[in-house]
**Q** 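Starting off with a structure, shown below.
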Amino acid sequence: MADLNPLNWWAKLLALPNESRTKTIAMAFIVSGICALLVSSAAVLLAPLRDANLTAEREARLTAMLESMPGLADIVAQYGADSLETIVVDLETGEATDIDPATFDIAAAAEDPETSSVIPSEADIAGLGRRANLAPIHILRQDGELRLVILPISAVGYQSTIRAHLALEGDLNTVAGLSIIEQGETPGLGARIEEPAWQALWPGKELAGEDGEIKLSVVRGRATSAFEVDGITGATRTGNAITAAIHFWLGEYGFDDVLTNLRQGTGLQ
Amino acid sequence: MKRLQHLYAPLVDNNPVTLQILGICSALAVTTSMTTALVMSLALIAVLVASSMIISAIRHHIPSSIRLILQITIIASLVIVADLMIQAFAFDISQRLSIFVGLIVTNCLVLGRAEAFAMRNPVGLSALDALGNGLGYGLVLLIIGFVRELFGAGTLFGQTVFPSVHDGGWFTPLNLMLLAPSAFFLLGLLIWAIRSVRPAQVEPADYEISIEPNRRSP
């Protein structure tokens with residue numbers, strides 16, 4: 001008669017000498033099983049909290065950027081928060097799509113080969129490798145007139161991927177503000193791009209000269225024209241990454257078609 | 001009283017960082033501000049105490065051939081849980097600690113205590129020993145973090161102490177303090193200070209330089 005009581009099996013297992021093969025394998029399985037259970041339940045239970053934190057962080061930064069721009073907080077207050085519309089645009093055609101921005105997951109879209117494309121290496125100045133074909137942008141209109149466009153930009157910096165929002169005024173050439181959303185640069189050096197004092201240098205800068213070439217860049221030392229922004233000492237590569245982000249995302253593989261459509265006033269209604 | 005020895009001996013006399021020189025990597029990386037140093041210390045203490053207690057509780061049933069793998073599996077699981085907790089409840093700080101909480105796994109201190117102490121001692125003693133070592137590690141991190149944040153940014157726990165020139169004050173932050181080498185310098189000075197006060201900690205030299213008075217140059 002075989003012993004079917006699991007407690008007896010357990011006692012027998014524990015009584016085995018530590019060096020026996022059965023006990024070695026059993027202990028390996030038991031410990032890894034319990035650990036796997038612990039890790040996966042923590043991951044599943046804490047995931048909603050973590051996602052909520054990430055979303056709150058992004059929204060807080062967008063709101064903070066809007067509030068820091070003179071005159072815009074009034075417009076948003078006057079027309080309500082709905083006056084800032086979010087649309088998902090197709091970067092290939094520059095047209096708006098009818099995808100609901102609330103359900104569009106930019107991070108997942110950038111990794112899925114179906115919804116993203118590889119950036120040719122000679123054009124990949126921002127070091128991103130690939131980018132999503134669609135991107136969410138924010139547009140603010142007042143009395144049917146374009147007042148503000150907010151574009152998400154990103155680039156690989158010194159030791160992290162930097163993500164930012166670049167806000168352009170209605171003429172689509174004057175910078176209304178730059179807000180860093182995510183960065184992991186050296187604290188005290190590159191990470192100073194997060195400081196309000198540095199981001200305050202951006203409003204009023206101009207993107208492109210007469211010929212339409214994007215000229216805006218972060219320079220070493222002091223800025224000398226409307227196309228230059230002061231660099232941060234000891235953070236040359238972080239500054240270069242921001243420059244690359246602007247040049248890439250306003251260029252051929254970025255939002256140039258979208259901006260052209262916005263300038264002509266067609267589409268994106 | 002003998003039991004409490006395990007708690008306070010690692011604070012100065014047998015400090016894991018300054019005497020055994022363990023856990024240096026994270027001590028360099030997270031001490032640019034007091035807040036990150038404190039959260040990192042708390043995470044390490046939690047992981048160290050929990051892993052020591054678990055390993056001590058099952059020590060009679062750990063086959064010696066796979067003991068290191070079992071210890072690392074337990075430690076790694078606890079580290080992932082600690083990391084997820086910080087991301088869920090202290091999101092801002094988790095952004096600044098980046099990967100260093102995850103790297104507690106590779107901190108020699110944790111595996112060292114598991115292997116050297118928890119494998120041979122009962123649960124209560126192991127917990128005391130882990131707590132003492134965790135506190136010793138945290139103490140060093142906080143001392144270095146204090147100096148680096150105060151002189152590197154003029155703040156403590158993010159509160160301005162010396163108003164910096166960027167904000168219109170008089171204090172010019174020492175950028176060196178925020179770079180990894182300064183942590184090496186500070187750690188070296190700290191070890192020097194401790195060993196001057198406690199000469200018993202000075203290790204004998206491995207090799208003496210011999211000077212032969214009558215030796216002639218070739």
Side-chain angles (χ1 to χ4, degrees), chain A residues 10 13-57 60 159-160 181-192 194-198 232-235, chain B residues 29-33 36 50-51 54-55 58-67 69-92 94-99 148-149 152-155 164-168 173-180 182:
Chain A
W10 180 244
L13 179 67
L14 291 187
L16 280 175
N18 269 353
E19 301 318 312
S20 83
R21 190 170 296 172
T22 322
K23 187 159 183 182
T24 305
I25 293 172
M27 281 303 287
F29 272 99
I30 292 168
V31 169
S32 37
I34 293 174
C35 287
L37 199 65
L38 180 74
V39 168
S40 23
S41 41
V44 171
L45 290 176
L46 295 174
L49 275 173
R50 192 170 151 243
D51 292 346
N53 281 337
L54 280 172
T55 321
E57 173 86 4
Q159 56 184 21
S160 66
I181 307 170
E182 193 184 315
Q183 59 88 19
E185 302 291 284
T186 321
L189 299 172
R192 286 183 54 206
E194 284 212 331
E195 288 181 1
W198 190 72
I232 294 168
T233 310
Chain B
V30 302
T31 49
T32 46
S33 79
T36 49
S51 68
I54 294 172
I55 290 166
I58 61 169
R59 68 187 186 283
H60 295 305
H61 299 291
I62 297 181
S64 65
S65 52
I66 56 165
R67 65 179 198 288
I69 299 175
L70 288 189
Q71 289 164 6
I72 280 290
T73 310
I74 292 169
I75 293 167
S77 312
L78 290 167
V79 167
I80 296 171
V81 173
D83 197 13
L84 289 172
M85 297 277 260
I86 293 175
Q87 286 181 13
F89 298 108
F91 187 73
D92 291 350
S94 81
Q95 296 275 295
R96 283 195 281 156
L97 285 171
S98 62
I99 58 167
R148 288 181 76 184
E149 188 179 353
T155 59
S164 74
V165 286
H166 302 299
D167 304 327
L174 298 167
N175 277 345
L176 173 66
M177 281 293 163
L178 295 174
L179 299 174
S182 76

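Throughout, protein chains are lettered first and strands after them, A, B, ... in sequence-line order, and every chain is numbered starting at 1.
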**Q** When rounded to the nearest 0.5 angstrom, what distance separates CD in B/Q87 from CG in A/D51?
**A** 10.0 Å
**Q** What option among B/T32, B/L70, B/L78 has the most heavy-atom pairs under 4.5 Å with chain A?
**A**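 Ranked by contacts with chain A, first place is B/L70.
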**Q** Between atom OG of B/S65 and atom NZ of A/K23, what is the distance when rounded to the nearest 0.5 Å?
**A**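 Atom-to-atom, B/S65:OG and A/K23:NZ are 11.5 Å apart.
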**Q** Please state whether the side chain, the backbone, both or neither of B/L179 comes within less than 4.5 Å of a heavy atom of chain A.
**A**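 The side chain, not the backbone.
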**Q** With chain B as the partner, which of A/L13, A/T24, A/L49 has the greatest number of non-hydrogen pairs under 4.5 Å?
**A** A/T24
**Q** Does the side-chain contact (heavy atoms from CB on, under 4.5 Å) test come out yes or no for B/I74 and A/V31, once each step is laid out?
**A** CA-CA 8 Å; B/I74 292 169; A/V31 169; 3.9 Å; yes
**Q** Is the backbone of B/S64 close enough, under 3.5 Å, to the side chain of A/N18 for a donor and an acceptor to pair up by distance?
**A**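 The answer is no, because no donor-acceptor pair under 3.5 Å joins these two groups.
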**Q** What distance do B/I54 atom CD1 and A/L38 atom CG have between them, rounded to the nearest 0.5 Å?
**A** 7.5 Å
**Q** Check whether B/L84 gets within reach of chain A through its side chain, its backbone, both or neither, counting any heavy atom under 4.5 Å.
**A**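 Backbone plus side chain of B/L84, per the 4.5 Å heavy-atom cut-off to chain A.
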**Q** Would you mind reporting whether B/F89 and A/L46 have side-chain heavy atoms less than 4.5 Å apart?
**A**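 Result yes, sub-4.5 Å side-chain heavy-atom pair found.
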**Q** Could you give the distance from CD1 (B/I58) to CG (A/L14), rounded to the nearest 0.5 Å?
**A** 11.0 Å
**Q** First locate atom CG of A/N53, then atom CG of B/D92, and finally report the distance between them rounded to the nearest 0.5 Å.
**A** 8.5 Å
**Q** Taking C-beta and beyond as the side chain, do A/L189 and B/N175 meet within less than 4.5 Å on heavy atoms?
**A**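 Counting from C-beta outward, A/L189 and B/N175 do come under 4.5 Å.
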**Q** Can you tell which part of B/M85 gets under 4.5 Å to a heavy atom of chain A, answering side chain, backbone, both or neither?
**A**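 Looking at B/M85, backbone and side chain both touch chain A.
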**Q** Drop me the distance from B/I69's CD1 to A/M27's CE, to the nearest 0.5 angstrom.
**A** 13.0 Å
**Q** Which atoms of B/I66 come close to chain A, meaning under 4.5 Å heavy atom to heavy atom: side chain ones, backbone ones, both, or neither?
**A** side chain
**Q** Where does A/R192 contact chain B at under 4.5 Å (heavy atoms): side chain, backbone, both or neither?
**A** side chain
**Q** Pick from A/P17, A/S160, A/A42, A/C35: which one has the most heavy-atom pairs with chain B under 4.5 Å?
**A**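 Looking at each of A/P17, A/S160, A/A42, A/C35 in turn, A/C35 comes out on top.
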**Q** At a heavy-atom separation under 4.5 Å, does B/T73 approach chain A through its side chain, its backbone, both, or neither?
**A**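 Both parts, backbone and side chain.
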**Q** Counting only non-hydrogen atoms closer than 4.5 Å, does A/A28 touch chain B with its backbone (N, CA, C, O), its side chain (CB onward), both, or neither?
**A**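 Contact with chain B: backbone and side chain both.
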